[in-house]
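Below: one structure, written as structure tokens.
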Amino acid sequence: MTAAAAAPLRGTAATRGAQGSNLVPEIPLQIKIWERLFGSAGIVQCLCASDARRCRGVCRDWWRLAGAGACEEELWNVDLGDVRRGPAWKHLLLGGIRLKNRAGTHQDYYEKLCEQESQYDSVIRRDVNRTLPQEEFFRDKQGQQTLFRLLRALAIRLSDIGYCQSLNFIVATLIGVFPDDEAAVFQCALALLLRYSMADLYRPKFAKLGVIVWQFDRIVEGFLPKVHTALVRHGVNSEYYAIQWFLTLFASDLAQPIVRRVWDRFLVAGWRVVVQVGLALLYTVQDVLPTLDSCQALRFLKTFARQCPYSAEQLLNAAASFKVSHRMLSALEAAYSWEDDVQLLVIKDLNSGQVHWAVQAIAPSKPSSSVRRESDDAGEEDDEPPMELPRAFSRNGGGAELPPELGGPLDGTGADGEACGTVLPFLLHNLDTGEQTVIDEAWSQYTDDMATRAKAAAGPLQARPSAGTDMPSLSPKRSPERDQCSSDGPAQGQPASGAAGGGGSFWMQSVQRQAVRRLGQV
């Protein structure tokens with residue numbers, strides 16, 4: 001149905017309404033039918049953006065309903081404004097999924113969850129008072145209470161994460177789009193965290209965040225070598241200045257109108273938009289960074305994004321000039337577990353404008369030496385190497401400390417050949433609810449198999465005579481520290497213990513303990 005074909009329908013409805021008041025109740029029925037036509041599986045999904053815009057010219061109701069159906073292209077290209085942005089975001093975040101609600105559990109309705117006490121209440125209250133103070137809504141007591149209730153409900157609903165700093169900026173941005181609908185903010189926040197895998201950034205040990213930080217450093221090296229050289233000279237990487245960008249999707253640094261436009265594109269194209277915007281921000285300071293000393297650079301890197309000279313559209317246009325693709329991000333994520341150092345090589349064809357890239361392994365760089373070379377002739381001395389800031393994330397080439405989905409071993413063996421299995425590959429994750437369950441049979445078989453391997457690898461235990469009875473001795477290769485979190489299996493002549501003994505070191509890791517607690521809540 002096109003806009004031209006729908007014109008007679010408009011005239012017919014108006015004529016019937018004028019014939020008598022007994023036909024007035026038909027109008028809500030027509031609107032209800034139109035809502036189905038313009039729903040997530042309706043006619044607008046089959047139309048291009050130009051035809052969808054023509055549909056909005058038929059009547060006022062069609063203008064309202066068609067605004068959400070053809071959102072992606074318009075949301076990418078123009079600022080839809082506060083009125084039309086809300087339906088467009090709802091369509092992208094909640095379209096095609098249904099969040100389950102189970103009364104009396106952590107998956108209860110929002111109205112119930114926001115009234116329950118949480119162990120994170122004191123932390124949330126502290127963060128609420130310093131969230132977006134430049135926004136009038138959050139300077140008011142009522143706005144702060146709204147943010148508090150939503151963060152409390154999220155902490156209860158996402159019990160495996162709880163509350164983490166930076167979630168306050170995520171929720172506050174959504175409140176700015178849906179200021180009068182707390183339930184919609186709650187549902188959209190859940191969908192954003194689960195559907196777009198943002199929740200993985202907040203999980204214990206922040207394994208995914210470590211990958212993203214390393215990934216962004218390689219991309220900066222490839223696209224902005226001048227910035228990378230300056231950062232290396234100052235001894236910093238993106239851990240220092242960009243973690244808040246990633247955890248809050250720029251809501252902690254950029255003005256809210258710019259953040260909403262960045263989110264417009266993020267909801268359409270995903271994580272590559274975040275990387276592109278980060279590159280665009282660094283591009284604005286590529287001539288400034290080399291002129292600063294280390295102390296000035298450290299202060300500057302923490303605050304420069306807040307003085308972004310670009311408007312929203314200028315920033316997005318600059319970001320689009322960096323040809324970052326999801327394929328590139330996937331290749332770098334796979335290279336995170338390589339033993340060698342990794343470099344992203346980016347080459348732009350000046351004739352065609354095409355960008356070619358490759359992820360390649362390079363020889364590990366030699367450690368910097370603090371010894372100065374003295375010249376007998378000129379008496380010159382080399383400059384001291386830059387002092388690197390301590391890093392929160394360390395890349396392990398063998399992937400022994402990584403979960404399997406981030407390049408860690410799947411067979412349960414680490415770099416030293418010892419068992420270090422993890423329950424993560426055996427978890428089923430429900431994208432709608434965030435609920436996790438364990439594939440019990442496969443996990444039990446895996447732990448039994450790994451316990452058998454560990455026992456076989458340890459070999460026969462050597463007995464040492466003592467004054468009383470012969471006692472089996474542990475392998476001398478194991479340190480006391482490692483003995484606290486690992487086991488060689490049951491001693492000879494003793495019956496095997498329960499799950500704790502059979503699992504060995506598996507259940508001593510924090511991720512496994514959280515999984516067990518999670519199972520007790522399901």
Side-chain angles (χ1 to χ4, degrees), residues 82-83 85-94 97-204 244 247-252 256 259-260 263 267 430-435 518 521:
D82 296 336
V83 175
R85 176 175 282 117
W89 282 21
K90 273 188 179 180
H91 173 73
L92 289 172
L93 287 168
L94 302 175
I97 65 172
R98 183 175 60 87
L99 297 172
K100 292 183 178 179
N101 295 289
R102 295 191 297 182
T105 69
H106 67 282
Q107 294 179 344
D108 209 334
Y109 291 91
Y110 167 71
E111 293 76 13
K112 298 291 185 180
L113 294 179
C114 69
E115 299 298 331
Q116 298 179 20
E117 291 188 359
S118 167
Q119 59 178 320
Y120 303 100
D121 283 356
S122 60
V123 181
I124 294 174
R125 283 195 178 93
R126 185 169 62 246
D127 282 350
V128 161
N129 295 327
R130 56 192 181 193
T131 302
L132 300 184
Q134 69 276 15
E135 297 293 320
E136 183 178 356
F137 183 86
F138 296 105
R139 290 198 298 265
D140 182 69
K141 191 69 174 178
Q142 182 178 356
Q144 293 179 0
Q145 286 297 322
T146 299
L147 179 59
F148 173 79
R149 288 193 297 269
L150 284 161
L151 291 173
R152 169 195 270 180
L154 274 178
I156 297 174
R157 179 68 181 253
L158 299 175
S159 56
D160 55 337
I161 296 175
Y163 173 75
C164 294
Q165 287 183 335
S166 299
L167 284 174
N168 51 323
F169 289 97
I170 296 290
V171 175
T173 301
L174 290 170
I175 291 176
V177 178
F178 307 99
D180 301 320
D181 193 346
E182 289 186 33
V185 174
F186 178 72
Q187 293 175 356
C188 288
L190 276 179
L192 179 65
L193 293 171
L194 300 176
R195 195 171 196 174
Y196 287 80
S197 300
M198 284 290 295
D200 294 336
L201 301 182
Y202 301 96
R203 298 196 185 281
Q244 279 298 100
L247 289 177
T248 68
L249 299 179
F250 300 102
S252 61
Q256 279 295 293
V259 171
R260 289 167 191 161
W263 284 31
L267 295 178
N430 189 321
L431 292 178
D432 291 344
T433 63
E435 186 177 9
R518 181 68 178 169
Q521 299 172 4

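For reference, positions follow the sequence shown, starting with 1.
Residues satisfying the side chain to side chain contact (heavy atoms under 4.5 Å, CB included) criterion with S252, sequence neighbours excluded, are F169, Q244, T248. With sequence neighbours excluded, the residues that form a side chain to side chain donor-acceptor pair (under 3.5 Å) with D127 are R130, Y163, Q165. Under the side chain to side chain donor-acceptor pair (under 3.5 Å) criterion, S118 pairs with no residue, sequence neighbours left out. A search for ring-ring contact (aromatic ring centres under 6.0 Å, His included) contacts involving Y196 returns F266, not counting sequence neighbours. Remark: R260 pairs with no residue by the side chain to side chain donor-acceptor pair (under 3.5 Å) rule, at least two apart or across chains. Considering only residues two or more places apart in sequence or on other chains, Y110 meets the ring-ring contact (aromatic ring centres under 6.0 Å, His included) condition with F186. With sequence neighbours left out, D140 forms a salt bridge (charged side-chain N to carboxylate O under 4.0 Å, His left out) with no residue at all. Here A191 pairs with L93, L94, I97 under the side chain to side chain contact (heavy atoms under 4.5 Å, CB included) rule; sequence neighbours left out. Residues passing the side chain to side chain donor-acceptor pair (under 3.5 Å) test with D121, sequence neighbours excluded: R152.
The CG atom of L247 lies 7.0 Å from the CE atom of M198; values are rounded to the nearest 0.5 Å. Once rounded to the nearest 0.5 Å, the distance linking CG of L147 with CD1 of I175 reads 4.5 Å. Considering OG1 of T146 and CG of L151, their distance stands at 11.0 Å, rounded to 0.5 Å. Atom CG in L132 sits 5.0 Å away from atom CD in Q134 (nearest 0.5 Å). In this structure, the separation between CG on L194 and CG on L99 is 7.5 Å, given to the nearest 0.5 Å. In this structure, CG in L267 is found 10.0 Å from CZ in R85, a value given to the nearest 0.5 Å.
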Notebook entry, point to check: Taking it one step at a time, do Q142 and Q145 satisfy side chain to side chain contact (heavy atoms under 4.5 Å, CB included)?
Noted result: CA-CA 5 Å; Q142 182 178 356; Q145 286 297 322; 5.7 Å; no

Next item on the list: Start with the C-alpha gap between C188 and W89, add the side-chain angles, then the distance that decides, and say whether side chain to side chain contact (heavy atoms under 4.5 Å, CB included) holds.
Entry: CA-CA 8 Å; C188 288; W89 282 21; 5.7 Å; no

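The minimum heavy-atom distance linking H106 with S159 is given by the pair CD2-OG, 4.1 Å. Closest of all the heavy-atom pairs between Q256 and A251 is NE2-O, 4.1 Å. The heavy-atom pair separating G86 from V177 by the smallest distance is CA-CG1, 3.8 Å. Smallest separation of non-hydrogen atoms from A172 and T131: CB-CG2, 3.8 Å. The shortest heavy-atom contact between T105 and R102 is OG1-O, 2.8 Å. Annotation for D160 and P204: closest pair O-CD, 4.3 Å, computed over non-hydrogen atoms.
Using a 4.5 Å cut-off on side-chain heavy atoms (C-beta onward), L158 and L190 make contact. Taking 4.5 Å as the limit, some side-chain heavy atom of R157 sits within range of a side-chain heavy atom of N101. For the pair L167/L193, a side-chain contact is recorded, criterion being any heavy-atom separation below 4.5 Å from C-beta on. You'll find the side chain of I170 reaches within 4.5 Å of the side chain of L249, heavy atoms only.
Within 6.0 Å of CD on E117 lie no more than 12 heavy atoms contributed by other residues, nucleotides or ligands.
Within the structure, salt bridge (Lys or Arg N to Asp or Glu O under 4.0 Å) pairs that include any residue of residues 165-181 comprise K90-D181 (at least two apart or interchain). Here salt bridge (Lys or Arg N to Asp or Glu O under 4.0 Å) pairs that include residues 142-151, with residues two or more places apart or in two chains, are R149-E182. Sequence neighbours left out, not one pair with a member in residues 125-156 passes ring-ring contact (aromatic ring centres under 6.0 Å, His included).
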